[in-house]
Amino acid sequence: MSCLQQGWPEPIIRVQSLSETCVSAIPDRYVKPPSERPEPQPVIEEANIPLIDLGDLLAGDDHSTILNQISEACRDWGFFQVVNHGVSEELMHRTLQLWGHFFYLPIEEKLIYANSPLTYEGYGSRLGVEKGAILDWSDYFFLNYLPETLRDRNKWPSLPSSLRETVEEYCEELVKLCGTLMKLFSITLGLGEDHLPKAFGGDDIGACLRVNFYPKCPQPDLTLGLSSHSDPGGMTILLPEDHVAGLQVRRGDSWVTVKVAPSALIVNIGDQIQVLSNANYKSVEHRVVVNSAKERFSLAFFYNPKSDVPIGPLKELVTPDCPALYTPMTFSEYRLHIRMKGPCGKSQVESLKCPH
Ligand code: OGA
Ligand code: NI
């Protein structure tokens with residue numbers, strides 16, 4: 001069964017099973033070239049991404065401070081964490097825990113959902129389909145939530161038994177939070193609050209969830225849990241386990257390790273908002289480092305534009321001084337390129353750059 005290829009260029013090996021069996025050395029396929037390993041670029045230990053409290057906003061109070069903080073974070077960092085975001089802490093905890101149980105089911109139970117590169121839906125162990133690629137030290141489960149026509153609960157794990165309904169409950173809450181953030185982004189870009197949401201396709205947006213599992217790694221200095229990339233979609237809301245660090249965000253030629261506040265969610269701008277905002281808002285590279293002592297889980301919720309609307313710089317943000325930086329492309333077309341190559345820094349969004 002472990003040789004099941006389903007369209008992948010090589011037999012799929014589960015990182016979790018490698019982690020359980022390889023005691024001292026990781027296979028060559030996971031060893032990154034020296035320049036891509038965690039070490040060569042420095043880590044700025046004392047820094048952290050901005051923390052924004054959405055409490056006042058949801059209570060309807062004056063929110064000029066919050067708007068300034070969001071604007072600054074999206075222009076400068078491309079990343080921030082939010083607290084008092086309206087998503088129940090109990091639900092966040094329960095969802096993470098259920099996925100932890102899923103990954104600890106017997107392998108046969110998980111292989112029912114083995115995925116293929118065509119849709120990525122299901123249980124996977126690699127991104128990108130290039131033969132011979134160096135792989136990341138992680139397994140994942142990917143599922144579609146919106147549009148509803150793509151939602152197929154039968155492709156979601158049937159065990160643990162409450163997982164499917166919990167995923168729906170969690171995703172519903174996150175769609176609401178993303179709706180709020182979209183309006184805030186729109187306002188802080190100097191547009192009406194519905195402008196950016198409309199450019200995303202109004203009510204027909206896309207949303208999917210990727211549950212990342214980073215097993216313990218005997219040689220964490222040689223590999224990455226997730227290679228450096230920017231998120232291809234609109235925005236991402238990440239729920240990491242709060243007691244295990246791993247996510248690093250690019251800051252110039254250095255990296256910043258994200259220190260998550262209790263019950264916070266991490267928000268980051270994806271390539272589609274960078275393009276729509278004509279690069280006022282940045283989709284910033286990030287990566288995940290693994291460690292030998294602790295495994296780590298995270299839930300990455302991707303909020304995306306409707307797949308068939310061309311995404312290009314909004315005309316209100318194009319001026320003689322700031323000409324349009326990107327050629328429009330639909331998200332479905334954009335995503336195809338990413339699926340071929342897997343994580344590859346910011347090369348995809350760079351390739352849309354207009355030849356000025
Ligand atoms: C992602 C991602 C970070 C993490 O899934 O795109 O960047 O900490 N995840 O798992
Ligand atoms: Ni990411």
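Read the numbers this way: they start at 1 and go in the same order the structure lists the ligands and their atoms.
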Backbone N or O of [Y] within a donor-acceptor pair of the [X] side chain at under 3.5 Å?
X: Trp8; Y: Val129; answer: no
X: Lys346; Y: Ser283; answer: yes
X: Gln16; Y: Ile107; answer: no
X: Lys32; Y: Tyr30; answer: no
X: Lys110; Y: Tyr123; answer: no
X: Tyr281; Y: Ser71; answer: no

As a test of understanding, state which of Arg164, Lys176, Arg94 forms a salt bridge (Lys or Arg N to Asp or Glu O under 4.0 Å) with Glu169.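 Testing Glu169 for a salt bridge (Lys or Arg N to Asp or Glu O under 4.0 Å) against Arg164, Lys176, Arg94 leaves exactly one candidate, Arg94.
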Scan Thr223, Val15, Leu18, Val290 and name whichever one has a side chain to side chain contact (heavy atoms under 4.5 Å, CB included) with Ile26.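 Among Thr223, Val15, Leu18, Val290, the one meeting side chain to side chain contact (heavy atoms under 4.5 Å, CB included) with Ile26 is Thr223.
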Using heavy atoms and a strict 4.0 Å limit, residues surrounding ligand 1 turn out to be Arg210, Asn212, Tyr214, Leu226, His229, Asp231, Leu238, Leu247, His286, Val288, Arg296, Ser298, Ala300, Phe302
Check for me whether the distance between the ring centres of Trp99 and Phe141 falls short of 6.0 Å.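 Ring centroids of Trp99 and Phe141 are less than 6.0 Å from each other.
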Can you list, by chain and residue number, the protein N, O or S atoms under 2.8 Å from the Ni ion (ligand 2)?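 Less than 2.8 Å away from the Ni ion (ligand 2) sit His229 NE2, Asp231 OD1, His286 NE2.
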